[in-house]
Amino acid sequence: GIRDQKDRPGLMPYVAGPLILRGRIQLWNNGSSLESVCVVKSDCLAFADGTATICCAVTSVDPQVLGCLVQVVSWNYIPATSGGARLEIRRFLLLE
């Protein structure tokens with residue numbers, strides 16, 4: 001496979017081992033300072049880990065987990081398109 005980031009512009013860098021994602025699933029409302037990088041130009045969900053925030057889709061979510069710390073155990077990264085990248089969260093564990 002491709003292991004050099006310069007061969008994959010706009011994609012996440014290659015990582016040899018598993019990635020552990022911990023952060024918060026939150027509402028990403030219109031008018032947010034981060035709105036310009038959201039794929040969907042309306043209310044949507046976001047995943048934030050303290051270093052970055054990305055629009056996300058969650059396959060099954062209980063509104064009570066919004067804002068709570070979670071560990072994402074199954075996910076897909078959907079690369080940047082004309083509107084931006086997106087994280088698809090397939091399964092997560094509630095940490096608090």
Side-chain angles (χ1 to χ4, degrees):
I2 298 172
R3 294 183 185 248
D4 193 339
Q5 181 63 23
K6 70 178 184 254
D7 295 331
R8 301 167 25 130
L11 297 179
M12 289 176 59
Y14 174 81
V15 178
L19 290 175
I20 297 172
L21 299 178
R22 288 186 181 167
R24 299 180 189 281
I25 299 170
Q26 58 194 34
L27 290 177
W28 192 336
N29 298 322
N30 261 342
S32 160
S33 61
L34 304 171
E35 176 185 352
S36 62
V37 294
C38 189
V39 176
V40 180
K41 296 299 181 192
S42 62
D43 292 348
C44 64
L45 295 176
F47 178 79
D49 69 355
T51 63
T53 302
I54 185 171
C55 273
C56 72
V58 183
T59 56
S60 178
V61 65
D62 179 339
Q64 293 181 342
V65 304
L66 294 177
C68 295
L69 187 62
V70 297
Q71 179 171 321
V72 180
V73 295
S74 178
W75 56 276
N76 291 308
Y77 174 76
I78 302 168
T81 61
S82 61
R86 170 168 272 189
L87 180 68
E88 177 188 47
I89 298 174
R90 301 179 55 83
R91 197 166 68 99
F92 62 88
L93 302 172
L94 191 59
L95 298 178
E96 56 180 26

Checklist entry - Got a sec: does the CG of Leu93 have more than 12 other heavy atoms crowding it under 6.0 Å? => result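 Atom CG in Leu93 is crowded, with more than 12 foreign heavy atoms closer than 6.0 Å.
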
Checklist entry - Okay, side chain of Glu96, backbone of Leu69: is any donor-acceptor separation there less than 3.5 Å? => result yes

Item to check | Expected output: side-chain Arg24 to main-chain Gly67 donor-acceptor under 3.5 Å | outcome: yes

If you compare all heavy atoms of [X] against all heavy atoms of [Y], which two are closest, and at what distance to 0.1 Å?
X     : Y     : result
Arg90 : Thr59 : O-OG1, 3.0 Å
Ala46 : Cys56 : C-SG, 3.5 Å
Thr53 : Gln26 : CG2-NE2, 4.2 Å

How long is the straight-line distance from [atom2] of [Y] back to [atom1] of [X], given to the nearest 0.5 Å?
X     : Y     : atom1 : atom2 : answer
Leu45 : Ile89 : CG    : CD1   : 8.0 Å
Phe92 : Ile25 : CZ    : CD1   : 4.5 Å
Arg86 : Ile78 : CZ    : CD1   : 7.0 Å

Next on the checklist: Give me each pair satisfying salt bridge (charged side-chain N to carboxylate O under 4.0 Å, His left out) with a member in residues 46-70, each pair once, sequence neighbours excluded.
Outcome noted: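 Checked against salt bridge (charged side-chain N to carboxylate O under 4.0 Å, His left out) - neighbours excluded - no pair reaches residues 46-70.
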
Membership question, hydrophobic clusters at under 4.5 Å side-chain separation (ILVMFWY): are [Y] and [X] in the same one?
X     : Y     : value
Leu19 : Val70 : yes
Val65 : Leu95 : no
Leu27 : Leu94 : yes
Leu66 : Leu87 : yes

